[in-house]
Each structure stands twice: as structure tokens, then as C-alpha cells.
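Labels below follow one simple rule: chain letters A, B, ... track the order of the sequence lines, proteins then strands, and each chain is numbered from 1. The figures that follow rest on heavy atoms only: side chains count, while hydrogens, waters and symmetry mates do not. In this text the structure is predicted, and so the values were computed from the model without any measurement.
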Number of protein chains: 2
Amino acid sequence: MRLFHEQGYGATGVAQILKEAEAKSGSLYYYFPAKEDLLLAVLEQYKKIMKPALMAPVFERYEDPLDQVFGLLEKYRDMLIKTNCTLGCPIGNIALELADRHEEVRRLCGENFDNWKSAVGQCLEEAGDHLRPDVKVGELASFFLTVMEGGIMQARAYRSIEPFDAAIASLKDYVNHLLKNNARPVQQSSARD
Amino acid sequence: MRLFHEQGYGATGVAQILKEAEAKSGSLYYYFPAKEDLLLAVLEQYKKIMKPALMAPVFERYEDPLDQVFGLLEKYRDMLIKTNCTLGCPIGNIALELADRHEEVRRLCGENFDNWKSAVGQCLEEAGDHLRPDVKVGELASFFLTVMEGGIMQARAYRSIEPFDAAIASLKDYVNHLLKNNARPVQQSSARD
DNA sequence: GACTTAGTTGAACGATCAATAAAATACCTC
DNA sequence: GAGGTATTTTATTGATCGTTCAACTAAGTC
């Protein structure tokens with residue numbers, strides 16, 4: 001998982017995986033028919049850990065559903081900061097590298113995205129009474145993913161957190177326009193307290 | 001350019017380039033010290049042709065600056081449709097594949113993005129009198145790029161134009177919130193006539 | 001103690017990778 | 001047309017790619 005995330009699938013050789021895992025090639029191919037099956041297992045693992053490892057900690061920390069959503073985005077921001085804006089979304093990377101070549105990979109990336117959007121959509125649903133009635137939460141959740149992935153791409157291309165922060169700021173501004181007039185607006189550059 | 005766009009840099013072998021270009025390896029290495037320099041030349045070429053080949057035709061077709069911007073996004077939509085949602089933004093692809101490894105590549109991707117955002121920002125500047133005074137056109141132009149790249153990523157991952165269209169729809173909705181009350185709103189799903 | 005099963009090992013495979021060097025040809029100048 | 005430079009061709013390099021396989025060890029069963 002780590003190597004595919006850091007270097008991509010194609011750029012990671014089986015030899016390096018074996019070395020860092022302290023395993024021998026025969027053992028790998030005893031369990032996995034081919035390198036590609038290793039990637040499929042990685043994508044399955046992401047599906048499995050997304051909620052308990054990524055979302056649960058954020059959702060516990062915040063009560064307000066909108067805080068939860070933006071807290072989730074903050075997690076990705078943390079990763080960008082920690083890696084000096086070199087590491088992106090592991091699913092997005094794989095999707096862009098292989099989605100058009102391997103159908104199975106594409107399917108699993110889609111399922112990961114689906115789960116992500118479903119979790120965000122659930123938060124938005126909970127915040128529904130603060131949102132204008134014409135807001136479609138499904139489309140808005142998809143927009144959250146779009147903005148986050150696009151923001152990560154720019155942050156990596158510029159090796160700077162600025163474009164990512166700018167994207168989130170615009171997104172917050174948009175969300176505030178979708179809130180009912182009596183709702184408390186989303187605060188810029190920090191979670192609402 | 002075509003092969004790097006279709007397959008990515010790493011996945012495209014020199015042998016294939018030579019075959020399709022009907023050239024021999026010696027000739028390639030006579031002009032380019034290494035494969036990487038070929039990529040740099042490709043990125044330079046994108047810089048050179050972006051305005052005349054991509055933007056000029058769109059800007060000629062529409063008069064209204066906001067129509068021009070969304071007409072530009074439509075160009076990317078056309079490419080997704082033509083390629084059955086397999087081909088993304090050539091710069092974005094390369095940026096995600098190599099930005100964190102080759103500094104020079106990263107710089108050129110950034111310059112391509114800069115030019116793109118600068119052109120969009122210029123349109124927004126021209127539409128400035130219809131926008132609320134607190135709108136920062138630079139940040140908004142960056143947001144346009146963010147949404148487009150994120151939309152393309154999802155369209156490829158799902159091999160469907162839907163997420164892209166949904167992203168553009170949300171973006172249009174947002175822009176309409178930024179317009180002054182007396183301004184004509186951006187129409188959904190087709191250029192304003 | 002004989003036999004089976006599960007799992008591991010590491011050398012080796014053919015293919016492909018980017019890159020090179022030298023020979024051969026085309027082009028230009030005088 | 002001779003001489004020299006620019007460019008192309010051909011053949012090959014060593015490295016690395018993912019993958020295979022026969023030999024081997026360890027554990028369990030009867």
C-alpha cells in the first residue's frame with residue numbers, strides 16, 4: 001500500500017516490494033497470481049479501512065455534520081503537509097494511472113469513491129435542515145470529492161498547500177451560499193467551534 | 001505528445017515512440033539526451049499551443065467572457081466524450097505521475113496551469129462588472145481549474161461523463177451566486193445564447 | 001517412521017527497458 | 001566533385017521488468 005501510494009503502481013517494481021516486505025518472489029506469487037492482484041488487494045484494503053481508519057476519528061471529534069465533512073478534508077490537508085505536498089489521494093492516483101486500462105481496478109476505485117461520497121452525503125443529509133431545500137446532497141457530495149481531488153492535484157503540481165487551501169475556501173464560500181439565512185456559516189480556515 | 005497523453009510517460013516505451021514516429025533510436029538520442037528531455041519538449045509544446053489551439057477557437061466563438069470560460073470547459077468535455085472518458089487533461093496526468101519526482105517537469109506543469117488560469121482569470125476580469133465586488137478573480141480562476149481537473153478524474157474513474165457534468169453544474173450554480181442580482185445568470189447544460 | 005500438505009527459497013527465464021557506439025548516408029560548401 | 005559536417009541507420013549494450021519452477025523445509029497425519 002505504501003509503495004503504490006508513494007510511487008504509483010507502474011513505478012514500483014516487484015523487487016522493491018519484496019525487499020521492503022522482507023519476502024521472496026516465490027512467496028509473493030504463491031499468494032498472488034500476478035502483480036496486478038496485489039493492487040486489487042490493496043484497493044480492497046482501502047475499502048475496508050476507509051471508514052474505521054479515516055472517517056471514524058474525524059466524525060468522533062466533531063458533532064456538527066458540516067464540521068465533520070470539512071474535518072475530513074482537513075485530513076487530506078494534513079497528509080499534503082506531512083509529505084511536503086508530494087503525496088495525493090491514493091485512490092485518485094491509481095484511478096488516473098490505470099482506470100482506463102484495467103476494468104477491475106476501475107471498478108474498485110469507483111467503489112472507494114462511492115463509499116467516500118456516501119459518507120459525505122450522509123453528513124450533508126444530517127445537515128439538511130440548515131440547507132436550502134433545493135440543494136441535492138448527492139450532487140453536492142460529488143462536488144466535494146471533485147474539489148478535493150482537484151485541489152490535491154494542484155497542490156502537488158505546485159508543491160504548495162496554497163491552491164488546496166484556496167479550493168477549500170471557495171468550496172466553503174459556496175456551501176455558505178447554500179445555507180439557509182438563519183444557519184451559522186462555515187468559518188474559513190478552521191473548523192467551527 | 002499523443003502517446004504520453006494516452007498512456008502516460010512511464011507506460012510509454014521508447015520503442016513504441018520510435019515505431020509510431022517511424023524513427024530509429026539513434027536519431028531520437030541525437031536530438032534528445034534522454035527520454036525525459038522528450039517529455040520536457042512535450043510540455044514546452046503544450047505551453048506553446050495552448051492559447052492558439054485551445055483557447056483562441058473558443059474565445060472567437062463566444063463574445064461574453066463567462067460564455068468563453070464555460071466554452072473552454074466544454075472543450076475538455078468534448079475530449080472526454082470522444083475518448084469514451086478515458087483521456088484526461090494531458091498536463092494533469094503528467095503532473096500527478098511525475099510532479100514529485102522531477103523538478104523540471106513540475107515547473108513546466110505549473111507554468112501550463114498558470115497560463116490556463118491566467119486566461120480564465122482574464123475572462124473573469126472582463127466579466128468583473130457583473131460579479132460581486134468581493135469576488136477575487138484569481139482565486140476563482142484557480143477554482144475553475146480545480147473543479148475541471150477533479151471532474152475529469154471522476155469521469156475517468158467512472159468512465160462516465162455524469163460526474164463531470166455534475167461538477168460543472170455545481171460550478172455554474174456557484175458562479176450564479178457570485179453574480180450581481182441584475183446580471184444574467186449562467187445557463188445550465190448549454191452555453192448562453 | 002513413512003507420507004502428505006503447506007509454504008518458502010533463490011536462481012534463472014525471456015522480454016523489454018532506456019541508452020550507446022560505430023558505420024553508413026545525406027547534405028552543404030568550396 | 002572533393003571534403004567536411006549533419007543526420008540517420010544498424011546492431012547491441014547492460015539493467016531491470018514480472019514471472020516461473022524445481023528443490024527445499026516444517027508441520028501434521030496415520
Open item on the list: Whether A:Tyr31 contacts C:dA6 is assessed here as follows: a side-chain N or O lying under 4.0 Å from the phosphate OP1 or OP2. Is that the case?
Closed with: no
Take the protein atom [atom1] of [X] and the nucleotide atom [atom2] of [N], then report the distance between them rounded to whole Å.
X: A:Phe32; N: C:dT8; atom1: CZ; atom2: P; value: 12 Å
X: B:Leu28; N: D:dT10; atom1: CG; atom2: C1'; value: 15 Å
X: B:Tyr29; N: D:dT12; atom1: OH; atom2: C1'; value: 14 Å
X: B:Lys24; N: C:dA26; atom1: NZ; atom2: P; value: 13 Å
X: B:Lys19; N: C:dC17; atom1: NZ; atom2: C1'; value: 16 Å
X: A:Leu38; N: D:dT19; atom1: CG; atom2: C1'; value: 14 Å
X: B:Ile17; N: C:dA19; atom1: CD1; atom2: P; value: 10 Å
X: B:Asp37; N: C:dA19; atom1: CG; atom2: C1'; value: 12 Å

I want to verify a distance call: between [options], whose nearest atom is closest to the [X] side chain?
X: A:Val14; options: D:dT19, D:dT9, C:dA19; result: D:dT19
X: A:Ser25; options: D:dT9, C:dA11, D:dT10; result: C:dA11
X: A:Tyr30; options: C:dC17, C:dA6, D:dT19; result: C:dA6

Task: SB check A:Arg77 A:Asp165 (cutoff 4.0 Å) - done: yes
- [ ] Using the six-membered ring of A:Tyr9, assess whether NZ or CZ of A:Lys35 lies under 6.0 Å from its centre and within 45 degrees of the ring axis.
- [x] yes
Base, sugar-phosphate or nothing for [X]? Non-hydrogen atoms, less than 4.0 Å.
X: B:Lys35; value: sugar-phosphate
X: A:Gly13; value: sugar-phosphate
X: B:Ala34; value: sugar-phosphate

Open item on the list: Whether the side chain of A:Gln154 engages the backbone of B:Ser142 through a donor-acceptor N/O pair (distance < 3.5 Å, no angle test) should be reported.
Closed with: yes
Task: Pair B:Phe143 and A:Tyr174, ring centroids less than 6.0 Å apart - done: no
TODO: Ignoring hydrogens and angles, state whether a donor on the side chain of A:Tyr29 or A:Asp37 is under 3.5 Å from an acceptor on the partner side chain.
DONE: no
